[in-house]
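Encoded as structure tokens, the structure appears first; notes follow it.
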Amino acid sequence: MTQSVVVQGEWPFFPPNVCSLSFLGTVGQCGNQIGCCFWDLALREHAAVNKKGIYDEAISSFFRNVDTRVVGDGGSISKGKICSLKARAVLIDMEEGVVNEILQGRLRDVFDSKQLITDISGSGNNWAVGHKVFGSLYQEKILEKLRKSAEHCDCLQCFFVIHSMGGGTGSGLGTFLLKVLEDEFPEVYRFVTSIYPSGEDDVITSPYNSILAIKELNEHADCVLPIDNQSLFDIISKIDLMVNSGKLGAAIKPKSLVTSSTGVFKKRQEKPFDAMNNVVANLLLNLTSSARFEGSLNMDLNEIIMNLVPFPQLHYLVSSLTPLYTLADVNIPPRRLDQMFADAFSKDHQLIRADPKHNLYLACALMVRGNVQISDLRRNIERLKPSLQFVSWNQEGWKTSLCSVPPVGHSHSLLALANNTCVKPTFIDLRQRFMRLYKKKAHLHHYLQIEGMEESCFTEAVSSLSALIQEYNHLDATKSMPVEDLPRLNIAM
Amino acid sequence: MSIVTVQLGQYGNQIGFEVFDALFNDSHCPGGLCSKRENEAYQASCKERFFSEEENGVSVARAVLVDMEPKVINQTLSKAARSGRWKYDQHSCFCQKQGSGNNWAYGYSVHGPRHKESIMNLIQKEVEKCDSLSGFFIIMSMAGGTGSGLGAFITQNLQDQYSSALKMNQIIWPYGTGEIIVQNYNSILTLSHLYRSSDALLVHENDAVHKICAKLMNIKQISFCDINQVLAHQLGSVFQPTYSREGSFHYRRNPLGDLMENLVPHPEFKMLGVRNIPQMSENSLAYSTFTWAGLLKHLRQMLISNAKMKEGCDTSLSLAISQSLLQFMSIELVMLSNHLNPLPPSSPFALMFPSIRVLFNESIWQTKLNNSQTKTEKSSRWVLGVLPFSYLESLRLLS
């Protein structure tokens with residue numbers, strides 16, 4: 001029942017399912033809430049681009065097309081009209097609340113019951129319970145589900161894992177999942193989106209959980225995008241201020257708010273944290289946009305790692321997303337485009353508390369979507385370069401990509417990823433909070449009574465983090481040194 | 001004789017499309033200054049080089065498209081087919097799903113050996129379609145993973161398999177401030193391999209072309225499409241047929257051989273660059289007049305000062321080992337020789353190799369010099385192209 005169709009004047013020269021695919025693993029309460037927003041936004045984006053309902057390459061990177069009338073596993077359809085979309089995902093949570101809510105909400109048809117792993121008791125905000133206890137308990141099940149899902153993928157390019165660092169399931173079981181992925185699929189890249197606890201986090205043991213998780217991230221993740229609740233909150237407040245200030249011409253264009261799943265500002269959000277989760281979901285969508293949609297300068301996900309990770313341990317990327325909303329007034333001058341680039345480097349738009357402009361850049365990537373041309377990109381790079389400090393071996397290196405499909409509600413958008421030493425303060429801060437608790441051995445017995453946990457786990461974790469901080473320190477020390485010129489070959493004239 | 005084009009990677013495929021488009025549009029444009037018989041001979045010669053013909057009369061480009069991800073090839077194929085007048089052969093495409101991740105090693109050591117059979121088979125099929133093969137024209141960029149790594153591998157294989165055919169590689173030198181962070185690694189690795197296996201390397205720098213678009217053609221928002229069109233224009237002026245010794249209606253049969261015979265005197269010096277004039281937007285063309293003397297003078301200045309554009313020449317001398325002058329337009333031989341002969345005795349040309357090969361063609365080169373949608377065809381446009389080979393230029397690029 002597959003039809004060969006012509007999509008908007010383009011011939012389907014290659015079957016749609018040959019695009020490289022991404023797989024999402026959401027772990028824990030925070031991870032699954034963000035995941036829910038992500039799938040919502042992904043569907044909205046594809047619905048806006050793909051008006052004829054044809055299952056094409058772009059959709060196939062995140063969704064499977066399934067004939068739901070077929071019982072069992074054989075229902076995948078590779079081309080033709082969209083029958084029923086199933087997300088390429090695995091949802092893991094040790095409490096049933098969040099996952100049940102997702103299954104009863106509007107996304108219930110997007111997930112198959114076979115993609116879920118749940119338990120009842122929860123991890124009690126204890127990394128050891130999440131990692132050691134539930135890890136060993138569910139290892140087989142996780143492996144089986146991953147293998148099953150991977151069979152449906154023609155060519156799996158990367159895994160996205162979304163979790164928080166402060167809790168028990170997200171940080172413990174999430175990092176366990178990373179280990180499993182590394183063993184089972186060593187050649188598939190692992191992108192981790194980690195929500196770091198802010199200073200006023202309500203979980204007291206979050207420093208323990210975070211430090212133990214960071215050690216795993218250092219060793220098993222290919223690339224980590226750290227995100228801070230506080231920064232997200234600041235961004236939301238800024239948008240609220242903008243909307244409520246009633247400034248003339250500040251009416252926001254419909255569908256363009258980055259913090260809402262419908263793009264529309266609502267006075268009272270449906271669920272708490274929804275606005276913040278939507279920002280993270282938009283980040284992931286923009287990250288993968290160039291791999292899904294066409295453009296004049298494409299960028300795949302493996303290119304991100306290739307270009308932005310100079311040494312394997314330094315794989316923490318600071319991200320910033322602009323614009324956050326589009327003003328409805330079309331008479332705003334085109335300097336908006338330049339402003340967009342400038343904003344991406346200001347510390348107010350970063351998704352983690354960091355100030356990249358005053359720290360050292362190891363690498364920087366700009367992913368532009370929409371109607372932006374190479375000359376605009378080059379002009380802005382030239383404009384911004386003098387105010388940024390780059391490391392000595394990479395004075396002029398920028399990774400750029402242009403995707404012609406803009407996000408819903410915007411005419412263009414920019415995602416900037418930077419490998420910058422400005423993540424160091426976050427780590428130092430975490431280590432300090434950890435040491436405050438650890439010196440008094442407070443709450444430690446909850447961890448030590450779990451089989452497999454010893455005090456050495458903690459000391460190893462801290463030393464791993466200290467080594468990382470030391471690496472960044474070394475690089476920072478080279479900041480103000482002049483660039484040494486290598487001796488040149490001289491031609492005898 | 002025919003040229004088989006191999007388009008590699010995103011850049012290769014995008015530029016390749018523009019080149020074929022420009023070549024086809026040039027040879028088929030209505031209205032020109034020459035006689036009908038002249039135009040037909042020109043068309044036939046251009047067609048023999050670059051296009052083969054299907055049963056229904058549609059021209060099919062003699063090209064093999066290779067990329068490690070499907071998006072760009074799909075786009076290229078559909079754009080060509082949409083024009084309705086020429087197209088690519090759907091079966092001459094090779095595509096994978098995964099991409100090379102900007103990793104030269106991946107392109108060279110993984111994708112190369114893995115897909116060697118399939119790609120070489122596709123090239124073999126294209127070669128068999130030609131009556132006589134002049135050589136290969138390989139379009140690739142140096143900064144990425146597929147174009148650079150796989151391109152180096154394919155060129156090496158072409159040398160092994162078709163040792164008597166000539167290979168010219170068109171390489172795109174990336175922007176100085178980077179479009180890819182590891183571009184320097186990829187570029188050096190590519191150059192070192194290509195220098196051993198290719199016969200000539202035609203270099204285009206993104207920075208230079210960008211400047212041409214900005215300063216000479218006054219395009220406000222330069223897109224990759226504009227850059228590719230300027231490149232295609234330059235490449236077209238290199239490859240379009242030129243007269244042979246018999247004069248009108250007879251075209252030289254061996255494009256690559258001719259170029260390399262004169263431009264690559266020693267196998268160690270292979271890097272070529274193109275300068276062409278005039279380069280301006282269509283709007284300005286209406287208000288400009290040209291004379292051959294003026295054009296030649298400008299071109300000589302560009303050569304001497306090693307500039308890519310007419311403006312901004314500084315007159316420090318550079319060493320040109322040999323040069324070849326391609327002209328399209330009927331002119332007086334006397335005028336030409338008058339202009340070329342009196343080179344100052346101190347000029348480096350006169351000192352080393354005073355020979356300048358001149359290749360003529362009478363047809364009109366139609367161009368779409370800017371990105372405008374409207375096709376206003378002027379009948380008296382022409383192009384003067386020079387392919388100097390400069391030793392110092394290659395040093396400058398490599399240092």
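Computed from heavy atoms alone, side chains included, the values below leave out hydrogens, waters and symmetry copies. Since the structure is predicted, the reported quantities are computational estimates derived from the model, not experimental observations.
Residue A:F185 places its CZ atom among more than 12 non-hydrogen atoms of other residues, nucleotides or ligands, all under 6.0 Å distant.
A distance of 11.5 Å separates CD1 in A:I374 from CG in B:D226, rounded to the nearest 0.5 Å. Distance check, rounded to the nearest 0.5 Å: CG of A:N298 to CD of B:E69 gives 5.0 Å. In this structure, CD on B:Q10 lies 11.5 Å from CE on A:M299, to the nearest 0.5 angstrom. In this structure, CG in A:D300 is found 9.0 Å from CG in B:N102, a value given to the nearest 0.5 Å. Here CH2 of B:W104 is found 11.5 Å from CE of A:M306. Values are rounded to the nearest 0.5 Å. Between the OG atom of B:S223 and the CG atom of A:D376 there is a distance of 10.0 Å, given to the nearest 0.5 Å.
In this structure, the portion of A:R378 lying under 4.5 Å from any heavy atom of chain B is its side chain and not its backbone. For B:N184, the part sitting under 4.5 Å from any heavy atom of chain A is the side chain, from C-beta outward, and nothing else. Looking at B:Q14, the atoms closer than 4.5 Å to chain A (heavy atoms on both sides) all sit in the side chain, from C-beta outward. Contact of A:I304 with chain B is not made at all, since no heavy-atom distance falls under 4.5 Å.
Considering all non-hydrogen atoms of both residues, B:I181 and A:N307 come closest at N-OD1, 3.1 Å.
In this structure, the ring pair (Phe, Tyr, Trp, His ring centres under 6.0 Å) partners of B:Y175, at least two apart in sequence or on a different chain, are B:H210.
For residues 360-373 of chain A, the interface with chain B (any heavy-atom pair closer than 4.5 Å) comprises A:A363, A:C364, A:Q373, sorted by residue number.
B:K71 contributes a side-chain N or O that, together with a main-chain N or O of A:A291, makes up a donor-acceptor pair within less than 3.5 Å.
Taking the side chain as every heavy atom from C-beta outward, B:I180 and A:W398 never approach each other to under 4.5 Å.
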